Amino acid sequence: TQLLEQSPQFLSIQEGENLTVYCNSSSVFSSLQWYRQEPGEGPVLLVTVVTGGEVKKLKRLTFQFGDARKDSSLHITAAQPGDTGLYLCAGPDYGGATNKLIFGTGTLLAVQP
Amino acid sequence: DTEVTQTPKHLVMGMTNKKSLKCEQHMGHRAMYWYKQKAKKPPELMFVYSYEKLSINESVPSRFSPECPNSSLLNLHLHALQPEDSALYLCASSQESGMMGTYNEQFFGPGTRLTVL
């Protein structure tokens, strides 16, 4: 069974601080996605990383896919209250052979003004 | 149009009621999903429809009954629910897995907040 473990589970920081969220697995994933879910809304896709070692930037967010494609990280620079939400990594089950996505355990981020 | 819509936004029902949740997308996606989500937890997959046929049922109790009338619509019929079924129900859609250049990226609706009394 493919599992994705995220750490930390909860994170409360002050506006302007930097943070990193980790997504780890013992299995190889063909790609990994990151979603952000704001309170009362559905998850929104932020990025998909496909190639081992790949780094993608989205404004203050930097995403990295591990060389072995078993892990990924999300780094936020100068966090803002608008970054508050549940961050989820997710990867296709069995390399995308089915339509199923495996979701990570989630990281709940609160950015205090 | 990159939006998935869900109605209603909120639903309160008794354990003997019958109600339905509705989901619609116009992105031409041929895979559609129902998820159940408890507070601060990741979504749990319930059902997957592929080309309007049920392809995955994650051992969901029969009091939840999905329906896919056409490629744009997805319903979830609810009957005799229990209080522990109270949750956020999310609908999502994606390109069919295996299509070139796709990674099963899913587009979610805002969800229906269901409370069972």
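Given the structure is predicted, the values throughout are model-derived calculations rather than measurements. Keep in mind that the numbers below use all heavy atoms, side chains included, and drop hydrogens, waters and symmetry copies.
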field: A/F103 side, atom CZ; B/Y35 side, atom OH - distance, nearest 0.5 Å
entry: 4.5 Å
query: Looking only at heavy atoms, what is the nearest atom pair of A/K100 and B/I56, with distance?
result: CB-CD1, 4.2 Å
- prompt: Can you get from B/L45 to B/L54 by hopping between Ile, Leu, Val, Met, Phe, Trp and Tyr side chains that sit under 4.5 Å apart?
  reply: no
query: What is the distance from atom NZ of B/K40 to atom CG of A/L108, rounded to the nearest 0.5 Å?
result: 6.0 Å
- prompt: Looking at side-chain heavy atoms only, is the closest gap between A/Q37 and B/L90 below 4.5 Å?
  reply: yes
message: With a 6.0 Å cut-off (strictly less than), is the heavy-atom count around NZ of A/K56, excluding the residue itself, greater than 12?
response: yes
task: Taking the side chain as every heavy atom from C-beta outward, state whether B/Q37 and A/L86 have any pair of such atoms under 4.5 Å apart.
output: yes
task: Can you sort out the partners of B/Y89 under side chain to side chain donor-acceptor pair (under 3.5 Å), two or more places apart, ordered by chain and number?
output: none
- prompt: Is A/W34 reachable from A/Y22 through a run of I, L, V, M, F, W or Y residues, each pair having side-chain heavy atoms under 4.5 Å apart?
  reply: no
Residues in residues 64-86 of chain B that sit under 4.5 Å from chain A, counting heavy atoms only: none
query: Do any N or O atoms from the side chain of A/Q33 and from the backbone of B/Y103 form a donor-acceptor pair under 3.5 angstrom?
result: yes
- prompt: With a 4.5 angstrom heavy-atom cut-off, which part of A/V44 approaches chain B: side chain, backbone, both or neither?
  reply: neither
message: Under a 3.5 Å distance rule, please check whether B/N104 uses its side chain to pair with a backbone N or O of A/N99 as donor and acceptor.
response: yes
- request: Heavy-atom pairs under 4.5 Å with chain A are the metric here; pick the option from B/A31, B/S50, B/P43 that has the most.
  value: B/P43
Part of A/L101 within contact of chain B (heavy atom distance under 4.5 Å): both
message: Which atoms of B/Q106 are under 4.5 Å from chain A, going by heavy atoms: the side chain, the backbone, both sets, or neither?
response: both
message: Please say yes or no: joined through hydrophobic side-chain contacts below 4.5 Å, possibly via intermediate residues, are B/M32 and B/F107 part of one cluster?
response: no
message: Please say yes or no: joined through hydrophobic side-chain contacts below 4.5 Å, possibly via intermediate residues, are A/L4 and A/L109 part of one cluster?
response: yes
Which portion of A/S31 sits near chain B, non-hydrogen atoms under 4.5 angstrom: side chain
- request: Go through the atoms of B/E58 and report whether side chain, backbone, both or neither lie under 4.5 Å from a heavy atom of chain A.
  value: side chain
- prompt: Do you know which two heavy atoms are closest between A/G40 and B/K9, and how far apart they sit?
  reply: O-NZ, 3.4 Å
message: Side-chain heavy atoms nearer than 4.5 Å, only ILVMFWY residues, links allowed to pass through others: does that put A/L45 and A/L32 together?
response: no
